[in-house]
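Notes follow the structure.
In this text the structure is predicted, and so the values were computed from the model without any measurement. Letters A, B, ... mirror the listed sequences (proteins, then strands); counts begin at 1.
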2 protein chains.
Amino acid sequence: MLSQPVNRPLPMRHFAEELPAAQPDGEPSTPVRAMTAAGEANRERILDAALARFARTGLSGTRIEAIAQDAGLSKTNLLYYFRSKNALYLAVLTRTLDMWLEPLRAIDADRDPREALGHYITAKLEAARDHPEASRLFALEVMQGAPMLSAVLATDLKELVDRKVALLQLWQAEGRLKPHKPHHLLFQIWATTQHYADFATQVEQLTGASLADPVFFQQTREAIVASILGAVLP
Amino acid sequence: MLSQPVNRPLPMRHFAEELPAAQPDGEPSTPVRAMTAAGEANRERILDAALARFARTGLSGTRIEAIAQDAGLSKTNLLYYFRSKNALYLAVLTRTLDMWLEPLRAIDADRDPREALGHYITAKLEAARDHPEASRLFALEVMQGAPMLSAVLATDLKELVDRKVALLQLWQAEGRLKPHKPHHLLFQIWATTQHYADFATQVEQLTGASLADPVFFQQTREAIVASILGAVLP
DNA sequence: ACCACAATTGATCGAATGGTCAAGTCTGTG
DNA sequence: CACAGACTTGACCATTCGATCAATTGTGGT
């Protein structure tokens, strides 16, 4: 059993770790002193190493010491920056969430549907190419029922998706998209683009190519755009 | 270091556990006596429980004791049927592999492409509905680089896919399919259908429905068929 | 009824691993 | 220069968990 720790000033190294609704009121537990440049850099290196490891072997399959080694630190020192393995995992997850959501946010109501959706697909495929670990990490997490992210997903993601679904329905009402349950459109885009990141090893094994190859990338992009846009544009 | 155990007769309970190329020649280590009916049933219950657990929490995230409890056995007793956690995992994996490959095998050269591919999509979606854990287990395994399955996938799956790709190319040459890199067609089908199993919690959270709902199932099926077949049929 | 082997159990081992502690060293600021 | 607090380390603790072992019970076949 943990004794509920009271509002003591939080050392800088743990400043960003607090859960969203951790402090009902009062001082936001201002850090005592700023982090050193070296400390800042260490934090980043740890997060990078952790992303790579977690994305490959999952939370329970990753040893905290392996991350520390990758980052060039001792296990104890890593634990100085992140109070626990779970805290580190959560930090990686939230840090990556924005990257995942951003392309969806960028779908613009003012643009032409064809162009907007084409851009979205391209952006998602670029994300799959440039940050496959991020994609894999989310996939792992969501597939396991999003035990750490369920709250965020149920609110932030849900709200964002609802907004974009409304936009798609508007476009449908205007006759600029075929009638179609909009969710399926989103799911198809997510599924196909992320597939090339999440199952990269399989894709490479079967085709001998990867998204890193520009030719293959273009080919993939066109295949996805053709099938998805072909089905929803009037 | 394990001392290489020599061809002693393998007890029935471990009969199926041997790796494919384990016995270059000689007696196939005939089991001493048949398993009891109870034993057979236990093995099945263990495999079922293990599939459910592994699909949710992965290999390292699953405690062998949890599986035993789900199956109504003691941990020690489970270890009587499977010599190790890895052996159990591998048994679950191989047992499920056929289920995954079967729909692909069923793509028939004699049928019309539209019909054959429509059937394939439907079969994959039914598999996603009826055996989501199997789909999730494979996804987890492949996403992590298929450490246990790489050999099988590199041979069995590769060969099967190559055969079907050749068929698709034939259809293209006959003008019955649009020219198109066939792999992308397969990937799109896999990605979209499996998405509804692998990310079921997300799908449910965002739409409130699941494949178990017949209306939603039909809707999904039509959306996928429309976009994929629409793009590849001439 | 007997026997060989299947099935089951509880005790226990040992390695792996997350996390703590006390004792430092380094460094920016007053 | 002094000091507070950031940063680092190695020793150590506690627990979890896969696996083994010895011993006992159940059971199908002769």
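Regarding A:Lys85, its NZ atom lies at a distance of 14 Å from the C1' atom of D:dT15, rounded to whole Å. Atom pair B:Arg43:CZ and C:dA6:P shows a separation of 13 Å (rounding to whole Å applied). At whole-Å resolution of the value, CZ in A:Arg63 and P in C:dA15 are 16 Å apart. One can place CG of B:Leu79 at 9 Å from P of D:dG18, the figure rounded to the nearest angstrom. Rounded to an integer number of Å, the gap from A:Leu78 CG to D:dC7 P is 14 Å. Rounded to whole Å, atom P of D:dG10 lies 12 Å from atom CD of A:Glu65. Summarising the geometry, the separation between CG on A:Leu88 and C1' on C:dG19 is reported as 14 Å, rounded to the nearest angstrom. One atom, NZ of B:Lys75, and another, C1' of C:dT9, lie 13 Å apart when rounded to the nearest Å.
Between D:dT9, D:dC7, D:dA19, one nucleotide has an atom nearer to the side chain of A:Tyr80 than all others, and that is D:dC7. For A:Asn77, counting side-chain heavy atoms from C-beta on, the closest listed nucleotide (D:dT8, D:dG18, C:dA16) is D:dT8. Checking D:dA19, C:dT8, C:dG18 against the side-chain heavy atoms of B:Asn42 singles out C:dT8 as nearest.
With hydrogens and angles left out, the side chain of B:Thr76 and the base of C:dG10 share a donor-acceptor pair within 3.5 Å.
Side-chain N/O atoms of A:Lys158 and B:Gln205 include no donor and acceptor closer than 3.5 Å.
The environment of CZ in A:Arg63 is sparse: at most 12 heavy-atom neighbours from other residues, nucleotides or ligands sit within 6.0 Å.
Residue-level contact check: A:Ser60 touches neither bases nor backbone, having no heavy atom under 4.0 Å from any strand.
Between C:dT8 and B:Tyr81, a contact under 4.0 Å exists linking OP1 or OP2 to a side-chain N or O. Side-chain nitrogen and oxygen atoms of B:Ser74 include none within less than 4.0 Å of the OP1 or OP2 phosphate oxygen of C:dT8.
With ring centers used as reference points, B:His131 lies 6.0 Å or more from B:Phe138.
A cation-pi arrangement is not found for B:Arg129 relative to B:Tyr196, the charged atom failing to lie both closer than 6.0 Å to the ring centre and inside a 45° cone about the ring normal.
A salt bridge links B:Arg105 to B:Asp98: at least one charged side-chain nitrogen sits closer than 4.0 Å to a carboxylate oxygen.
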